[in-house]
Structures are given as C-alpha cells and as structure tokens.
Amino acid sequence: MVAHFTLGCHSPWLTNPWVGLLLLSKVVESNPEAFKPHYRQLLQLFGTVLQDLNNPPALYYCILTLTAMTPYTGSEEMNLMRSLIPNLIVALKHLLKADQDQASEAMEVFDELMESEVSIIVPHIAEIVRFCLESHSFLLLFAAPPPGEEDPEDEENDSGDQSDSENPKHCAAQMPLTQACLASENPYERKGGIMCLAVLAEGCADHIRTKMLSSVLQTVCRSLSDSNQVVRSAGLFALGQFSEYLQPDVSKYCDELMPLLLGYLSSLNEAKVGHVTKAFYALENFMENLGSDIAPYLPTLMDTMLSALNNASSLKIKELAVSAIGAIANAAKELLVPYFPPVIESLKGFLTATTEEMRPLQTQALDTLSVLARTIGNDVFSPLAAECVQLGLNLTDTIDDPDLRRCTYSLYSAVSTVSPDCLTPHLTAITTVMLLALKSTEGVTEDKTFVLLDDDDEDEDGKDGDAVLEDEAEVCSHRFSVENAYIDEKEDACDALGEIPLYYTLHFISLDVFHLQTMCVFDYKPQFPHEDVRRAAFAAMGQFCRAQHKVWKENPTEANHLALQKLLDIVLPCFLEAVRTERERQVVMGVFEAMNSVLKSCQGEALKSPGRLQEISHVIRDVLKKKTLCQDSGGDEPDDDDQQAEYDAMLQEFAGEGIPLLASAVPADTFAPFLNDLLPLIMSKAKSSCTVADRSFSVGTIGEVLQALVSVSGGRGVAGRLSNRLLPVLVAGVKDSDAEVRNNSVFGLGSLAQAAGPIVASDYPMMLSLFSNLLTKESDRRVIDNLCAALCRMIMSNVDAVPLEQVELIVMSSKERINLPFCPGMLCSQVADEHFKCTGTVNLVAYLTAWPCCRHMTM
C-alpha cells in the first residue's frame, strides 16, 4: 500500500498528485501504529514532498500525516525526523501564503513535536519561535477584528467560556514584541500583549517567578484599569493564569491584588456575563491558595457572594458565586463557620431543583457542598451528613445525568471523611452505582465509517469523495469516542471507590466484595482509552492497598494480613508494568504517586515479595535515566535538562520521591546497593547549570534519604559511607542563589549529621562556619528555621564536637530574625539536662530547644 502511495505522489500522469497524500493522511490518522513498520519509507517521501513548494495541498496533507505519526515514532526514525525540520518550517511559510486556515492547522505539528519528540526541535527552537512571531496565525492575537466580526467576549454578551491557548515556550524571544504591544495605542494590540503574558505563565513559569514576577504583575494590574474593556478582560484572564501557574510566589502579593480584585468585582455590570466570568476566574484561582491569609478579606468576599446568590437574576452569576464559595472554603476552612448557615440555606434551593435550566447550578452546588464537608469541620458538618447521602441517592434515582452522578460520588467521598457511619445503610447501593458507571458504555460511540474527504472537500464535479473508498473497506478501523461528561463520571467513580474505604475501613463491606471492587477497577484500567480515567483507576488501586493495610493494623488477624499481601501482589506488579509500558507521562506520574502512597503507608509489607525492592528501584532508575516508553524522545543527543519538556522533569520528581520511602522501609544494608545505583542520577541534577527546580529536587531528595536512614537498622553506617560523596553537594547547595535550594541543602546537612553521627564529627567545624556565614546574611525565614534545626541535630548527634558558646553567640546575634513561633517544638530534655546545664549556656537552651527535629524541606 505504501509503495502505491509513493508511486501515486510522484506519478507524472496524475493531474493532482496530492490526492495520494490526501488518502495517505486519512488512512494514517485512522490508525497510525499500523503504519509504524513503514515510517522510514514515509519520512523519506515527506523529505521530497516538503521541497515541492509550488504544491500547497501536497504540503498540507504531508504535514497532517507527519503530525499523526509523531507520537508513535521511535529512535530508528529520529535522524530522518530531525532532518525534516528545516524544510518543514520553509514549507509552512509557503503554505501560510497560500491558505492561512490550512497553515494554522498544519502548525499543530509543532505542538505534537514538543509533546512527543522535543529533542528533535530543540536545535531549531529559535527559528520556530521567530516563525511563529512573524506568522499571521500568531499576529491574529494582536489584530483588531474586521467590522462585524468582533470577538463575542469583547462584546461581553456570551457565556464567558474560554478556549484553550497554546503556550509559547521561548520567553526571551517574545518579550520585545510583547512590550511593544503593551505600549501601543491600539487596544487590541495591548490585549495581545497581555494575552501573551498570560500564556507564557504556563510554559515559562520558572523564569517569570524568579526573574520578572513583580514587573509582569504590575503590568497586568495596570491593565485592569485600562480605558478599554477588551484590555481589562485580557488582564483578568492573565491574572487567573498567574494564580494557577506561578504559585506560591504570586500569593505573596496578596495585599496588592486582593483589594484590586474585590474592588473590580464590586463595580461589574451583571449583564456583561462574559466579563464577570473572567473576574471570577481570576479571583478563584488567586484566593484558593491564600490559606489563612484570606481572613482579612473574608467579610467582603462573603457579603459579595451571598448578595449574588440572593439578588442576581442571572443563573450563570449564581453558579459563579457558588463556585467561588467553594474556593473560599478551601482557603478559609474553619474561618468560614460564621457564614455556613446562610450558605447552606442558599444551596438547599439549588440542590433540590428539578428543571433542566437549573442543572448547571445544581451540579455546582453539589461540588461546593462536597468542599464544605471537607473543610468546614466535622462538628459543623456532621449533622448534615445523613441528609447529604439521602440527597445524593434521591438525585441519582430521579435524574439521569452523568455530571450530576459524578457530583454525588464526590459528595459520598466527602461525607466518608466526616461521618462514615452515615454511609452504612446505603453503602451497597452507592458502590453498585459507581461500579456500573465504570462498566457502562453509555456515551461511548463506535465510528465504523471511514471518511476520505471532509464535508466541504469535494472534487470539481461535485462528486462526494467517499465513493473512492468503495473497494477500500479493509483500511477502516474501529474508533471509539466518549463524551466528556461520561469520562468525568468514570474518573470520579474511581476516585470515590478509592477514597471511601480509607475512612470506612473496619465498617467496610466484606473482603470478598472489596476484592471484587479491586478487580473491577484493575480489569477496567487498561481497557479505557482516556488518560484521566486510567490515572484515577491507578490511584484507586493504591488506596485499596492503603485501606486494607489500615484494616490489618486495626485488626491484626492472619486473614487480614493474607488479604493485604494478595492485594499488594496484584497492584504493585500492575504499577510497575504501567511505568514501563504507559505512553502518557501524566498517567505514569499518577502511578508513581499511587505507588509512593502505598510505600509510605505499608512500608516493609509492600516489599516482602522476593525481588520487589529491586523491581521498584529499577523502574525509578529507568525514569531518572529517561528510558521508559513515555519518555522515549528517540534523540541521539546528550540530555540537557534545560531543554527537556516540563512533564519529564515532573515525572522524575515523582519517581525520585520513592527513593527515601524505600530507604525508610527496609534495613539500610538491604537498600544500599540500589541506593548506590540511584544516588549518582540524583546528584547529577545538583549542578549549577541545572534549573532551580532540578537543584532543589536533588538536594531535597538527598536530605530525605539521609533522614530516612536515621530510623532504620544500619542507617548510621550507610550514611557514614555516603558522607564523602554527599557533603560537597550539600555544601554547594547552601551557597546557592535560590532560597529553596539553600533551605533543602541546610536540611540535608542537618540530616547528614544526625544520620552519620560521630563519623562526620571532623566536618563539624566546616559546617558550623558555613552556617555562621549563612546566618549573618540570610533573609529567608525557612532557611533560618532549618539552620537552627540543623544545629539541634548536630548537638543531639555529637554534642562534644559543637562549641556551644560560639553557637550561642551566633544564634543570639541573629535572634531578631529567628522566627520561634514558626517552628514550635522541643529538643530531647535529656540532651538539655546532660549537656547544656553543665556549660551554663542558658540562653542557648532557651533558643535552640525551640527548634524541632522535624524537617522544613520544600520540594
């Protein structure tokens, strides 16, 4: 077949040789993996086609086929793929002149390459960004729309829904153009500049947080007072993006941003629903991360929200206010108690609604009710628990709506954390509904037809192109699609099935039924195509293990122990296989998150099976070496941390978190061979050329491993043998320019002193000198807190090696900057009795005994 396509594309007797490429694109899009054995031949064909710049349709269909193939390419195709990029950029430039719509669609090849094969485009990134900046598809962001074609959001008459924007990754290249647009007299160019900052917040988060957060926030804040509504609307969206992607740094500007947002919200015209939606989006994203800092603004916030619930005529405004109350509750928690009665009174009217037009408000009210159950406090919410369970059952009995069912699953989970006994009479009915949701094919449609041409792609004679395929039925493949609402329902069903047993434990249904649920989720997981559902299924399987471990600990019978081991023997091999074979990074992150939670809860019980410690250590090693399927970029070039996709770094952090958990679960000498294999991979990320996130991860993981060795058999000897390798890394980290790296490094040095004991006593003078220099100039409270905790660990581990009088002088000279209330706790009283009293260093006791032995490490 591929030979026929190749011949057809070059045939001199065909009037339109691009028809072969059209057919090829449709066939490959339908089943890309089936063509994998022919990828090299196809890539060679594309190399020729992309040079035919006078044939735009051929360029278009060639690039569409390349886009479909990209996620499935392997190392054997990388050199060919890499050689196509220069011609690809040139081809897109010519296609842009011929057909902007086709060029815009074809440019999605860059998105696919960044997601799947980032190493291929790294050498060309500057040229790609320059092309994007120059292309009309990007500049449309900055252009005023033609008369009569204004954006509905700018007209402020729509529902406020927002479309996704792709995030340009090359911050430095975009900033000059962005700054020029921000200074323009044209409001649409100012809007474009603000929108550019908004999308940069995701892809360039680290750079913006560390280098330019204050300046970009000032720019966005100014946009909220712009004379043109178009610019103000963009500013709200940007502020929401910043709040989502630039945490925790952006929350430090709470005193400047909250009054601005509250004042802005109070001045809005309810009729402009689209704009109000953006205002709520910005407010929710920002305040949800404030925690107790929300307290000064709580009265104004709740007055605004309750007023909207009682007085707004728009159901959309009411829905936004209900959602905002959930965000407020996540931050305020028990501080919201005084407002709980009027909030519940308002929600009741929405929860029992029966009309279809009220359905979005009803589902949002259920979501917010679940948030309140988790945050307001057990004493306050418990009286409503049974009523909430009955409400959920009544709704699912009378209304057939996947969104509504999804919300009831979340409500049941929330109630289980407050009053699990309320679920007892209804538990079988509740779990049955959720298991049926997993098995259901409702919302799943099978597409058995194969369409060659789009609806508007007809030949010159007006004949439908589908006729061409009358004899080509064999190329059809069965494809399935699932409506988003049913995907969300299945995901939340997995979440609820996993969470309820954690709180129900001894009251839970019989082990046979429990095992049945486990197998249902286990069997269901690999079959479902959507990554969010697979990730949720893995999480549920991990929670089943934790729940069974809790049952065994509370009732340590042989039957419960056997059930735990059987469950672990099912779930952990499934996790390991998923890490090796799953294509989606986010799913693999979820697998590691679930596996880490099992290791943390079950400790050595999870590692009793022969070879399991080795298997887990090896999959962690494979991720750190980027050798798993989801990391397969196929590139031949050396890895460069600065050039890796964001998800790769996140995935490695999830994997690395398992190392200290393994270290704390088995004797140190048992884990030592695997630790020796993993530590060089962790230490390599502490280099000064690595990103701040990598350096923080590296020294933080080292500190966590050392802390784990403190409490396991043989830990002192292993820590001592590692000290010569780890000490230089941690000392360099203490001198780092980033506070988070310094914080984690100080924690690591204290943990090394505690774990290795007298073995590192000869290094105490150097460490004390290092801490003394740091304390005289350090301004970050977290670093100072951890420094004092590290001194405590050193004293506890080997008091004779610490010159207490000198330490007292150092600490007392910096006492104004030491935040005692931030770290309450007491050192071991025996240490104080035996060592401090005999030296007479009473003041030192007063200050140092307030520092905890627990860590204050940030990852």
Side-chain angles (χ1 to χ4, degrees), residues 624 656 659-660 663-664 668-669 671-690 692 694-712 714-775 778 783-784 786-803 806-807 810 853 855-859:
L624 294 175
I659 301 174
S664 66
D669 290 326
F671 185 51
F674 308 109
L675 184 59
N676 285 330
D677 194 25
L678 293 168
L679 270 181
L681 302 173
I682 297 294
M683 293 166 62
S684 68
K685 294 182 176 296
K687 299 174 183 177
S688 59
S689 58
C690 295
V692 169
D694 278 346
R695 300 199 305 273
S696 176
F697 162 67
S698 175
V699 294
T701 302
I702 290 170
E704 291 274 18
V705 169
L706 291 168
Q707 192 62 36
L709 293 176
V710 170
S711 56
V712 297
R716 175 155 292 186
V718 171
R721 292 195 293 273
L722 293 173
S723 59
N724 288 337
R725 296 164 60 189
L726 299 182
L727 194 61
V729 176
L730 296 173
V731 169
V734 173
K735 301 175 183 178
D736 198 276
S737 59
D738 184 80
E740 186 175 292
V741 179
R742 295 196 302 275
N743 185 52
N744 291 355
S745 301
V746 169
F747 162 69
L749 283 176
S751 297
L752 177 61
Q754 187 178 6
I759 300 173
V760 294
S762 60
D763 297 304
Y764 269 32
M766 179 273 295
M767 293 168 64
L768 290 170
S769 175
L770 184 69
F771 287 165
S772 175
N773 292 334
L774 179 62
L775 193 56
E778 182 59 60
V783 180
I784 297 172
N786 249 328
L787 190 152
C788 291
L791 289 173
C792 291
R793 290 188 174 97
M794 293 171 70
I795 295 168
M796 290 175 64
S797 182
N798 195 342
V799 69
D800 295 332
V802 179
Q806 294 181 31
V807 174
I810 294 170
C853 298
R855 78 182 193 282
H856 284 279
M857 196 272 294
T858 52
M859 291 289 283

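Quantities reported herein were computed from a predicted structural model and do not represent experimental measurements.
With no hydrogens or angles considered, no side-chain donor-acceptor pair links Gln754 and Ser797 at under 3.5 Å.
Atom SG of Cys690 and atom NZ of Lys687 lie 6.5 Å apart (nearest 0.5 Å). For the atom pair CD1 (Ile784) and CZ (Phe771), the distance works out to 13.0 Å, reported to the nearest 0.5 Å. A distance of 5.5 Å separates CG of Leu775 from CG of Leu787, quoted to the nearest 0.5 Å. Separating the CZ atom in Phe674 from the CG atom in Leu679 is a distance of 13.5 Å, to the nearest 0.5 Å. To the nearest 0.5 Å, atom CG of residue Leu624 and atom CD1 of residue Ile682 are 4.5 Å apart. Rounded to the nearest 0.5 angstrom, Ser688 OG and Arg695 CZ are separated by 7.5 Å.
Listed here is the closest heavy atom pair of Asp738 and Glu740: OD2-N, 3.0 Å. The two atoms that bring Thr701 and Pro660 nearest to each other are CG2-CD, 4.3 Å, heavy atoms only.
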Trace of the side-chain contact (heavy atoms from CB on, under 4.5 Å) decision for Ile659 with Phe671: CA-CA 10 Å; Ile659 301 174; Phe671 185 51; 4.2 Å; yes

Under 3.5 Å, side-chain donor or acceptor atoms of residues 715-730 against the rest of the protein: list the pairs with distances, not counting sequence neighbours.
residue : atom : partner : partner atom : Å
Arg721  : NH2  : Asp669  : OD1          : 3.3
Ser723  : OG   : Gly720  : O            : 2.7
Arg725  : NH1  : Asn676  : OD1          : 3.3

Please list, one pair per line, the donor and acceptor atoms closer than 3.5 Å that link side chains of residues 757-764 to other protein atoms, with sequence neighbours excluded.
residue : atom : partner : partner atom : Å
Tyr764  : OH   : Met794  : O            : 3.1

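Screening residues 741-760 for salt bridge (Lys or Arg N to Asp or Glu O under 4.0 Å) gives Arg742-Glu778 as the qualifying pairs, with residues at least two apart or on separate chains.
For Leu770, the side chain to side chain contact (heavy atoms under 4.5 Å, CB included) partners at least two apart in sequence or on another chain are Val731, Val734, Lys735, Leu749.
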